[in-house]
Amino acid sequence: MFYIGIDLGTSALKLLLVDGDGAVLSEVTKEYPLSFPHPGWSEQNPEDWWRAVVEGVPELLDGFDAAQVAGIGAGGQMHGLVALDENDNVIRPAILWNDGRTAKEVDYLNETIGREKLSKYTANIAFAGFTAPKLLWMRENEPDNFARIRKIMLPKDYINYKLTGIHCTDYSDASGMLLLDVAHKCWSAEMCQICGISEKQLPRLYESWQVVGSLKADIAKTLGLPASVKVCAGAGDNAAAAVGTGAVGAGGCNISLGTSGTIFISAERFGVDPTNALHAFAHADGGWHLMGCMLSAASCNQWWCADILGTKDYPAEQTSITSDELGRNSVFFLPYLMGERSPINDTDARGAFVGMTMDATRADLTQAVLEGVAFAIRDSFEVAKSLGLSIPRSTLCGGGSKSPLWRTILANVLGIPLDIPQTEQGPGYGGAMLAMVGCGAFESVQAACDALVKIVGTVEPDAGLTARYKEQYHKFRAIYPALKTVFPILK
């Protein structure tokens with residue numbers, strides 16, 4: 001049998017066709033636009049996501065027997081507000097995870113409602129990217145649109161709705177809305193009241209591998225699939241990527257160098273970071289996880305190379321950075337191009353190069369971008385260690401992980417081995433694995449990971465380089481506090 005995995009990303013939708021042994025047989029990528037209507041805003045049209053599915057699935061199946069497709073599972077960008085009216089039409093463009101317009105609403109939730117109450121209600125505090133602050137912003141700034149809302153959904157759930165006609169979400173994705181009581185896996189009545197919504201406006205909750213329905217007859221015909229194809233609830237992109245890299249159960253860890261950057265630590269028992277610097281979310285394996293998320297990771301390198309240097313030959317930009325220069329760079333980069341979430345939670349934070357002199361080179365700045373992202377991931381890594389968590393090693397995925405240089409930098413900044421999975425397809429592969437569990441091919445997510453996830457390489461840290469990066473990291477840590485009061489006046 002075949003399974004389709006969907007990775008609903010920020011810049012593109014990626015489709016995978018996977019067989020029962022976990023082999024990726026076909027893949028298709030469909031890009032779509034991203035809109036920044038005001039500084040700090042980030043929006044997309046959900047119909048663009050659906051159009052990518054409609055165009056992409058037939059291409060994915062070209063040359064294969066579509067009758068063998070048994071299930072579909074999606075991993076998708078989290079937190080985005082998709083608002084539907086009484087006819088299930090999209091009311092306004094989706095407000096995305098990296099949108100920073102909700103500083104006022106975040107302050108209200110954290111300071112007026114209070115962090116302690118929010119943590120009690122949802123296991124988390126408010127961050128600008130979360131869904132609840134966006135609802136408050138919409139209620140204040142677009143009251144007519146807010147009054148029309150009949151269903152509140154997340155990006156990949158909109159795709160599942162279009163496929164099945166079912167309004168659904170899963171616990172991992174719902175955890176990032178600031179509307180879910182994560183500890184008890186139910187909607188928070190208190191948060192619904194604070195946001196001025198009712199529980200009936202929220203989708204039904206499922207475990208990630210649970211089947212929510214089958215394809216609608218007309219959609220099956222459009223996609224060229226049997227109507228019997230099962231659609232599972234899927235997961236938020238980071239939880240799906242964790243499944244795809246085997247970071248499940250107690251002690252699993254995955255680091256993703258995608259558009260955003262995350263460190264994902266899985267657990268069998270529920271736990272909350274007392275400082276709320278890390279998110280406490282449900283996991284796609286039925287357990288829980290702690291996660292640190294930075295808003296700009298591989299996107300920093302894309303910005304630097306494509307937008308500033310005018311090249312998309314990323315490997316070529318790194319060829320002049322030799323191993324003896326690692327850990328000795330005098331230029332530092334703050335990777336806060338879209339503000340920042342974990343662990344500083346500052347929508348005013350901005351990107352910055354610091355330490356440039358007349359002899360600073362193009363390669364120095366490129367190296368600083370790669371190192372700055374690694375240092376920012378270490379910020380969340382240090383929070384996790386302060387909670388007593390042991391992270392002896394991690395898997396690594398995401399577009400940035402394809403760079404041998406960046407892998408080396410990150411392994412030595414963190415001082416741990418980084419394992420490279422054989423199939424580096426992130427959320428889409430995890431989505432396909434969840435579909436396998438939902439269709440009965442495996443009895444659990446853990447069993448699917450044990451059978452399908454294989455490690456093909458490991459980047460080991462070097463003691464000397466790790467020591468040099470420890471000194472560099474302490475310098476990096478001093479930069480943001482020194483600039484924190486400057487960022488708000490730059491608006």
Side-chain angles (χ1 to χ4, degrees), residues 4-16 27 29-32 34 42 44 46 49 52-53 72-82 94 96-99 127 129-131 153-160 169-177 208-209 232-248 252-266 279 281-285 289-299 338 341-342 377 380 395-401 421 423-435 445:
I4 294 176
I6 298 175
D7 177 4
L8 177 62
T10 310
S11 58
L13 178 126
K14 189 170 186 178
L15 297 164
L16 303 178
E27 57 184 89
T29 298
K30 292 290 183 181
E31 296 183 349
Y32 33 67
L34 181 64
S42 181
Q44 272 177 339
W49 307 332
V53 172
I72 297 175
Q77 51 168 299
M78 298 178 67
H79 315 302
L81 173 59
V82 181
L96 301 190
W97 60 274
N98 56 354
D99 187 284
F127 288 78
F130 285 6
T131 316
M153 306 195 75
L154 294 162
K156 66 109 173 56
D157 302 326
Y158 179 72
I159 298 301
N160 283 346
T169 193
D170 78 291
Y171 294 114
S172 74
D173 215 357
S175 295
M177 298 178 76
S208 296
W209 66 86
C232 74
D237 52 3
N238 292 298
V243 171
T245 57
V248 300
C253 183
N254 181 58
I255 295 171
S256 175
L257 280 179
T259 302
S260 62
T262 59
I263 179 167
F264 184 110
I265 306 160
S266 68
H279 309 323
F281 289 170
H283 193 0
D285 66 354
H289 70 273
L290 290 175
M291 182 176 71
C293 179
M294 58 181 296
L295 295 181
S296 302
S299 55
M338 295 292 294
R341 263 169 60 178
S342 304
I377 288 177
S380 290
T395 51
L396 179 65
C397 71
S401 70
T423 302
E424 203 294 285
Q425 298 286 5
Y429 194 65
M433 291 170 65
L434 291 170
V445 175

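Only a predicted model underlies this, so the values are computations on that prediction, with no experimental measurement involved.
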All heavy atoms of Ala242 vs all of Phe264, minimum pair found to be CB-CE2, 3.5 Å
Of all heavy-atom pairs linking Asp157 and Ala233, the shortest is OD1-O, 4.5 Å
ask   = Side chain of Thr131, backbone of His79: donor and acceptor closer than 3.5 Å?
value = yes
Here the pair of heavy atoms bringing Gly428 nearest to Asp7 is N-CB, 3.6 Å
Nearest heavy-atom contact between Met433 and Val243 is CE-O, 3.6 Å
Rounding to 0.5 Å, atoms CD1 (Ile263) and CE (Met291) come to a distance of 11.5 Å
- Query: Is Trp97 close to Asp237 at the side-chain level, that is, under 4.5 Å between some pair of heavy atoms?
  - Reply: no
dist Asn98:CG -> Thr259:OG1 (nearest 0.5 Å) comes out at 8.5 Å
Ala235 meets the side-chain contact (heavy atoms from CB on, under 4.5 Å) criterion, sequence neighbours left out, with Asp170, Ser172, Ser208, Ala239, Ala240, Ala284, Leu434
Smallest heavy-atom separation, Pro421 atom then Thr395 atom, equals CG-CB, 4.5 Å
Rounding to 0.5 Å, atoms CD1 (Ile255) and CG (Asn238) come to a distance of 12.0 Å
Step by step, would you call Met78 with Leu154 a side chain to side chain contact (heavy atoms under 4.5 Å, CB included)?
CA-CA 7 Å; Met78 298 178 67; Leu154 294 162; over 6 Å; no
Looking only at heavy atoms, the pair that brings Leu34 and Ser42 closest together is CD1-OG, 3.6 Å
### Step-by-step side chain to side chain contact (heavy atoms under 4.5 Å, CB included) determination, Cys397 to Asn254
CA-CA 8 Å; Cys397 71; Asn254 181 58; 3.4 Å; yes
Subject >> pair His279-Ser342: side-chain heavy atoms closer than 4.5 Å >> reply: yes
Looking only at atom types and distance, does a side-chain atom of Ser380 sit under 3.5 Å from a main-chain N or O of Ile377, one as donor and one as acceptor? no
Practice item. Would you sort out whether Lys156 and Ile6 count as a side chain to side chain contact (heavy atoms under 4.5 Å, CB included), showing the intermediate values? Key: CA-CA 9 Å; Lys156 66 109 173 56; Ile6 298 175; over 6 Å; no
Side chain to side chain contact (heavy atoms under 4.5 Å, CB included) assessment of Asp99 paired with Leu81
CA-CA 10 Å; Asp99 187 284; Leu81 173 59; over 6 Å; no
OG of Ser299 to CE of Met338, rounded to nearest 0.5 Å, is 8.5 Å
So OG1 of Thr262 and CG of Leu295: to nearest 0.5 Å the spacing works out to 11.5 Å
So CG of Leu13 and OH of Tyr32: to nearest 0.5 Å the spacing works out to 5.0 Å
Inset, instruction - Please work out which of the three classes, parallel, tilted or perpendicular, describes the rings of Phe281 and Phe130, given edges at 30° and 60°. - result: tilted
Does any N or O in the side chain of Gln77 come within less than 3.5 Å of the main-chain N or O of Gly9, such that one atom is a donor and the other an acceptor?
yes
- prompt: Between Gln44 (side chain) and Thr10 (backbone), is there a donor-acceptor pair under 3.5 Å?
  reply: yes
